[in-house]
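All residue numbers in this chain count up from 1 along the given sequence. Counting convention: from 1, in listed order, for ligands and their atoms alike.
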Amino acid sequence: MNTTVPTSVYAQRRARLAAQLGGNGIAIVPTAPERPRNRDSDFLYRHDSYFYYLTGFTEPNAWLVITGDGKSTLFCQPKDLEREIWDGYRLGPEAAVGALAVDGAFPVNELDAQMPRLLENRGTVWFPFAIHQGLEQRVAGWLNQVRARVRYGALCPEQQSDLCALLDEMRLVKDAHEQDVMRRAAAISARAHVRTMQACARMLREGRDVREFHLDAELMHEFRMGGSQYPAYSSIVAAGANACVLHYRADVAPVRAGELVLIDAGCELDGYASDITRTFPADGKFTGPQLALYDIVLASQEAAVAATRPGARFTDPHEAAVKVLAQGMLDVGLLDRAKVGSLEDVIEKRAYFPFYMHRTGHWLGMDVHDCGSYVEPGEVGQVSERKDPLSGEIIKNRPSRVLRPGMVLTIEPGIYVRPGDGVPEAFHNIGIRIEDDAIVTAQGCELITRGVPVRADEIEAVMRA
Ligand code: GLY
Ligand code: MN
Ligand code: MN
């Protein structure tokens, strides 16, 4: 259970949700299942983010039911001394009422018996669509039991609605408690990046055989020492050319002096993710070509940061970054003006795409790629069409989300240079990304991950230390 956020915060979130269900609505929110890994071993358990947002409760086998009149019912694992000897402490339904401030709690083995009763005489049943395998069928089974009682005067819900539509909007704007946890997660991850850069330079100075997994171990050490439960996603530790593989994992490749290391890693703390990328020279000194590209990526990130403020659109930081990246690619000869034309042409035809093929950010929260629509809800109907210059696909554009204080997003431009015809050799196999986490504030944005330096000279200095 999360003990750093008061129980009342979760109760308030449930009340806000209940007010949107309609007086006759009911919402069903399961937590995540336990998943087997291999014989007798499960994957490390991670609760469901929606369930956690409404309860702060991290045990498996639990369900939350909220009704439009504001009442919450929890189903959770019953107390069971034998199971607790093997698997650990369970809160149990009796204690749950006080500990989680719900109105009622039952053992989870009573779920199938209680749900038809709870669903009876409701109008709309809300649950997360397409998230929990088998949930749709389970709800259908409960509704069939209600229908069987129609002749006795029971009413069966006529509508089913996607609960994510409501919860995604709520989760998109982070409250003060969430921001506080996210700042702390970001600070731990920043320390982990500093530690890893320094360990890398030190091990190379000592003449050791440094591998990507050694650096992964340094990250994990700092995450756990900081109290993080686990990494928020699989850490990317990519030495040299591996940095050009976007979803590379920490593997066994040697980390060599003269090459760059790209690390994309962030811890999860009390259910909230952080997401940082730094690219640094393995031995602590950038070469000329590395620095030339690094400074372009950094300048593009600065432009994106400046574009991250309330009232701006989600796509504005991306467009600002692309402009600087494209100009930089022309300036250093990654793009040949004679072939691709002017800056405007490069942007219009997306000629930068071979070297920058991802977006500049995403929402960040409990999930590293957090929920929340990227389209402004009031403007979904304003559709324009354009043909993608690279794929030829017709793309439907809808107005991008307007940024508001409390939204949290990453800002992560990069340049990735695979060898190819006409690509200057000095840049071959250089992959650079710089990623920070930003909370939109009333004035602009707050970068919560800057406990790790980002300027090339500052990275070099910290690696000498
Ligand atoms: N680490 C995943 C991402 O940066 O989106
Ligand atoms: Mn990211
Ligand atoms: Mn990342």
Discussion item. Would you say the rings of H177 and Y10 are close, in the sense that their centroids are separated by under 6.0 Å?
Written reply: no

Discussion item. In this structure, is the centre-to-centre distance between the rings of F129 and F127 below 6.0 Å?
Written reply: yes

Discussion item. Please report whether ligand 1 has a polar contact with D275, defined as an N or O pair separated by less than 3.5 Å (distance criterion only).
Written reply: yes

Discussion item. Is the terminal nitrogen or CZ of R171 (NZ for Lys, CZ for Arg) located under 6.0 angstrom from the six-membered ring centre of Y50 and within 45° of that ring's axis?
Written reply: yes

Worksheet item: Looking at F280, does the NZ or CZ of R278 lie under 6.0 angstrom from its six-membered ring centre and within 45 degrees of the ring axis?
Response: no

Fill in: N/O/S atom name from E412 that is nearest to the position of the Mn ion (ligand 2)
OE2

Item to complete: Verify ring-ring contact (aromatic ring centres under 6.0 Å, His included) between Y356 and H358, making sure each step is shown before the conclusion.
Response: CA-CA 6 Å; Y356 184 48; H358 60 76; 4.8 Å; yes

Discussion item. Would you say the Mn ion (ligand 3) has D264 as a near neighbour, meaning an N/O/S atom of that residue under 2.8 Å away?
Written reply: yes

For [X], atoms of ligand 1 separated by under 4.0 Å from a heavy atom:
| X | answer |
| --- | --- |
| H362 | 3 (C), 4 (O), 5 (O) |
| E435 | 4 (O) |
| H369 | 2 (C), 3 (C), 5 (O) |

Worksheet item: So, is H362 placed with an N/O/S atom under 2.8 Å from the Mn ion (ligand 2), counting both backbone and side chain?
Response: yes

Discussion item. Within rounding of 10°, what is the angle whose vertex is the Mn ion (ligand 2) and whose arms end at OD2 of D275 and OE2 of E435?
Written reply: 80°

Worksheet item: So is D264 in contact with ligand 1, going by heavy-atom distances below 4.0 Å?
Response: yes

Worksheet item: What class does the angle between the rings of H47 and Y52 fall in, given that below 30° is parallel, 30 to 60° is tilted and above 60° is perpendicular?
Response: parallel

Worksheet entry | Distance-only polar pair, side chains of D175 and Q12, donor-acceptor under 3.5 Å | no

